[in-house]
Protein chains: 2
Amino acid sequence: MNLLDILHSELNPVPVSQEIVPLIEAGGRVVSEDIRARIPLPSYDQSSRDGFALASLSEMGASYRLLEFEAFAGNSETISLRAGEACAVMTGGLIPLGASRVVPKEHCAPMADTLQLDLAAMGLPPFIQRVGEEVGLHEIIIKRGELVQAEDLGLLASTGNGQIPVYRRPRVGFFATGTELLELGQAPVAGMKFASNHYMLAELCSLYGSEGHNMGRVSDRGEVLTKLFSEIVEGDLDLVISTGGMGPGRYDLLEESFVAAGGRLVVNSLPMLPGRSTLVGWLGTTLFYGLPGTPRAIRPLFTELISRSLLAMQGLLENAPVQIEARLIRDCRLRRADVPSLQGGKLSYQDGRVWVERVARTGSPDCFMLVPAGSDCLEANSSVRVHLTRSPFSR
Amino acid sequence: MNLLDILHSELNPVPVSQEIVPLIEAGGRVVSEDIRARIPLPSYDQSSRDGFALASLSEMGASYRLLEFEAFAGNSETISLRAGEACAVMTGGLIPLGASRVVPKEHCAPMADTLQLDLAAMGLPPFIQRVGEEVGLHEIIIKRGELVQAEDLGLLASTGNGQIPVYRRPRVGFFATGTELLELGQAPVAGMKFASNHYMLAELCSLYGSEGHNMGRVSDRGEVLTKLFSEIVEGDLDLVISTGGMGPGRYDLLEESFVAAGGRLVVNSLPMLPGRSTLVGWLGTTLFYGLPGTPRAIRPLFTELISRSLLAMQGLLENAPVQIEARLIRDCRLRRADVPSLQGGKLSYQDGRVWVERVARTGSPDCFMLVPAGSDCLEANSSVRVHLTRSPFSR
């Protein structure tokens, strides 16, 4: 949906500040500088087999004088082999000075101070991994703007990187407007509902690498909202989300209060479903999203819009949703044909193809179908563009 | 790879104990009992539009006596309408007793104590959501063995579920064997390496919903290992992973020590790559995986074997990896043709199809190709089975 790309580039959120974290906390963070190998891999010439290291004469012989020394893994002592000498070596062991190759032990017959090799040993590779063969000194391990994944953690440790510069996690506040909200634990009352959106938003913030802060419920009164918005302008949140209070009703004073507090409006409606009642703008340096109150609108708008802002704020260079083509398993009827819409979908895979169907009302989507305006029914077997809902922070 | 399914069913890990968590901590947990709606949704008859509620005569008229009362959202007071009466109502507001429909305000002309409707109002639906229309009282919201996702959190809150029974997170210990390991921060020494696997394992445990505990480095001495294994038998860890010490070398005493401590061996090698040096068994009620030391073997074995045990221990009913068919983007040469292998892959999507290529040596796979024995090269464009690496805990 080009519309969302345009809005994203118009907002152009920039990475928040950086911090240094110990490696054990770096998983799932975005690095803020290229990180290079502080030591090469391997960091010393090492054996890739259990066997014997040899110092060959100009041509490889079949018999060597066997020294008592053993280059086991973890032995940092070493020796020098002279031509015609050999010693035991283990996988990962430090190759003695003067050694030109390792012969795996299945080709060796060690006897007292002599080592005999079998004929097959002659044609084998040297089984020595040289310094830096895997990763060179100062080679880049992970680039600025990339996410630290499980494999990266291992590689960062092996190359001596214990302190990792990363972008700070964005601080996200969210509040619900409305006087009709009860807290869980209160007795149910006709005309009122349990506040539920903050549970969903807390989880979504965390899935997208951010710190969620529940700012609670705010009454639908203009002066209360304006005061809150003014506090947000002065505060240090990176992004704020409100739910509810965006419809056409006369209790819906959100936009008025936003403007009254000095908010800079970017859009107050999106020509898509959901999205008609959606305010996007800036409160000082805090990005603000005013969403409708219904979870069925919040989830797609979070996934398509807010998540992308959060990823950009964390400096993640690849922050666009993964878009793929899928075929519809069955007909998909639409409520309205005059505007584009996002429809929650479930993917499946068959015959090397990707299939999609609309997710049930209470189900959890794993993608959103991008449905263009102009049709009130998408037919089974037709192709539709979908965005994966998967957070790049999840593996 | 049928082999791994067989091993998994042979191990048959069972869910660990249960606990009750507050809803705000329930995201990403597996519920241990069916959870039902404690209140229906909506919990009262509510308006789905801003407009006016009418108590019609036997036929709907065009003019009504307008009362002063207003059923705004959050107003738990209500009134009774008699035939021919109307009152204002807002979206989400409690429908007054006696009201038979809501007419959206764009079809209404309220004047002092009279409400006039336009002609179009006659053909409209009633715009009343009845109690339980969305979710019935005691309807199941989420089943035992299912994961709590963002949408579920909202629905659980709305239906009055503040305390959620979930399976406990498995406790996973991991240690590295070997005397050649240094800790980050120590000065590099030829012949020794920085311990790195525990960083990767901590991250992988967390991605699969488990608590990782680094048990540190353990020397390659038999009596030390046997003592550690005996402690594990007595301890309360659900699963333990060791890395290293599984090769054919004579310092590799892991299996001997495992058996000496009373370990029940299930397999000590898998006929696949990686997997030859892999010990699986039980230390009392603790599941034990002895893996080789190289990250390139650890990641696929974790994803294909250990993760599945962890998911089963959390009671997740759908714990098998998602398997799909993909086409190779380019030829994939294999080091050995005589055993099946797992090859890390990167997926892409084009023309409605799923494509895969082998991941670069230092890259992070998003799938593993299941390569059967018998060929030393898979050709471009041929079809290959892959398992997605994605944890079900990630969205």
Side-chain angles (χ1 to χ4, degrees), chain A residues 23-24 27 39 43-44 50 72-76 90-92 94 149-155 157-158 160 162 178-180 184-185 188-197 199-200 202-204 207 247-249 251 295 299 324-327 349 352-354 362 364 383 389-391 394-395, chain B residues 23-24 27 39 43-44 50 72-76 90-94 149-155 157-158 160 162 178-180 184-185 188-194 196-197 199-200 202-204 207 247-249 251 295 299 324-327 349 352-354 362 364 383 389-391 394-395:
Chain A
L23 185 60
I24 194 73
I39 58 168
S43 62
Y44 53 89
D50 291 351
F72 55 86
N75 189 355
S76 54
M90 304 297 287
T91 304
L94 174 60
Q149 302 190 351
E151 286 80 5
D152 300 319
L153 291 170
L155 204 51
S158 305
T179 47
E180 77 270 32
L184 271 177
V189 177
M192 301 186 81
K193 298 163 199 226
F194 288 121
S196 63
N197 290 332
Y199 293 102
M200 189 165 76
E203 177 76 359
L204 289 170
L207 288 178
Y251 292 97
R299 177 61 204 263
I324 69 180
E325 297 277 328
R327 275 167 192 264
Y349 301 86
R353 293 195 173 275
V354 191
T362 55
S364 297
S383 184
T389 63
R390 176 150 53 116
S391 160
S394 30
R395 291 302 313 288
Chain B
L23 184 60
I24 195 71
I39 58 167
S43 63
Y44 55 89
D50 291 351
F72 55 87
N75 188 354
S76 55
M90 304 297 286
T91 303
L94 174 59
Q149 302 189 351
E151 287 78 6
D152 301 318
L153 291 169
L155 204 51
S158 305
T179 46
E180 77 272 31
L184 271 178
V189 178
M192 302 186 81
K193 299 162 199 225
F194 289 120
S196 62
N197 289 332
Y199 293 102
M200 187 164 78
E203 178 76 357
L204 289 170
L207 288 178
Y251 292 97
R299 176 62 204 262
I324 70 180
E325 297 278 327
R327 274 167 194 263
Y349 301 87
R353 292 194 174 276
V354 191
T362 55
S364 298
S383 184
T389 62
R390 174 148 54 117
S391 159
S394 30
R395 291 301 312 289

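Every chain is numbered from 1, with letters handed out A, B, ... down the list of sequences. Values below: every heavy atom of this structure, side chains too, minus hydrogens, waters and symmetry copies. The shown structure was predicted, so the numbers you read here are calculated from the model rather than taken from an experiment.
- Heavy atoms of A:S158 lying under 4.5 Å from chain B belong to its backbone as well as its side chain.
- For chain A, no part of B:P295 is nearby; none of its heavy atoms comes within less than 4.5 Å.
- Here the closest non-hydrogen pair linking A:M200 and B:L153 is N-CB, 4.3 Å.
- Atom CG of residue A:L207 and atom CD of residue B:Q149 lie 9.0 Å apart, to the nearest 0.5 angstrom.
- Between chain B and the options A:L204, A:L23, A:D152, heavy-atom pairs under 4.5 Å are most frequent for A:L23.
- Closest non-hydrogen pair, A:A150 versus B:R299, comes out as CB-NH1, 4.3 Å.
- If you measure heavy-atom distances from B:L184 to chain A, the contacts under 4.5 Å come from the side chain alone.
- Note: B:M192 leads B:M192, B:R327, B:E325 in heavy-atom pairs under 4.5 Å with chain A.
- Looking at A:N75, only its backbone comes within 4.5 Å of chain B, counting heavy atoms on both sides.
- For A:I39, the part sitting under 4.5 Å from any heavy atom of chain B is the side chain, from C-beta outward, and nothing else.
- Contact annotation for A:A73: both backbone and side-chain heavy atoms come within less than 4.5 Å of a heavy atom of chain B.
- The contact between A:R353 and chain B is made by backbone and side chain atoms together, counting heavy-atom distances below 4.5 Å.
- Ranking A:A195, A:G154, A:A190 against chain B, the residue ahead of the rest is A:A190, based on heavy-atom pairs under 4.5 Å.
- Between chain A and the options B:G92, B:P188, B:G160, B:S383, the largest number of non-hydrogen pairs under 4.5 Å is found for B:G160.
- For A:L155, the part lying under 4.5 angstrom from a heavy atom of chain B is the side chain only.
- Using a 4.5 Å cut-off between heavy atoms, B:A202 touches chain A through its side chain atoms alone.
- When heavy atoms are compared at a cutoff of 4.5 Å, A:Y199 approaches chain B by way of both its backbone and its side chain.
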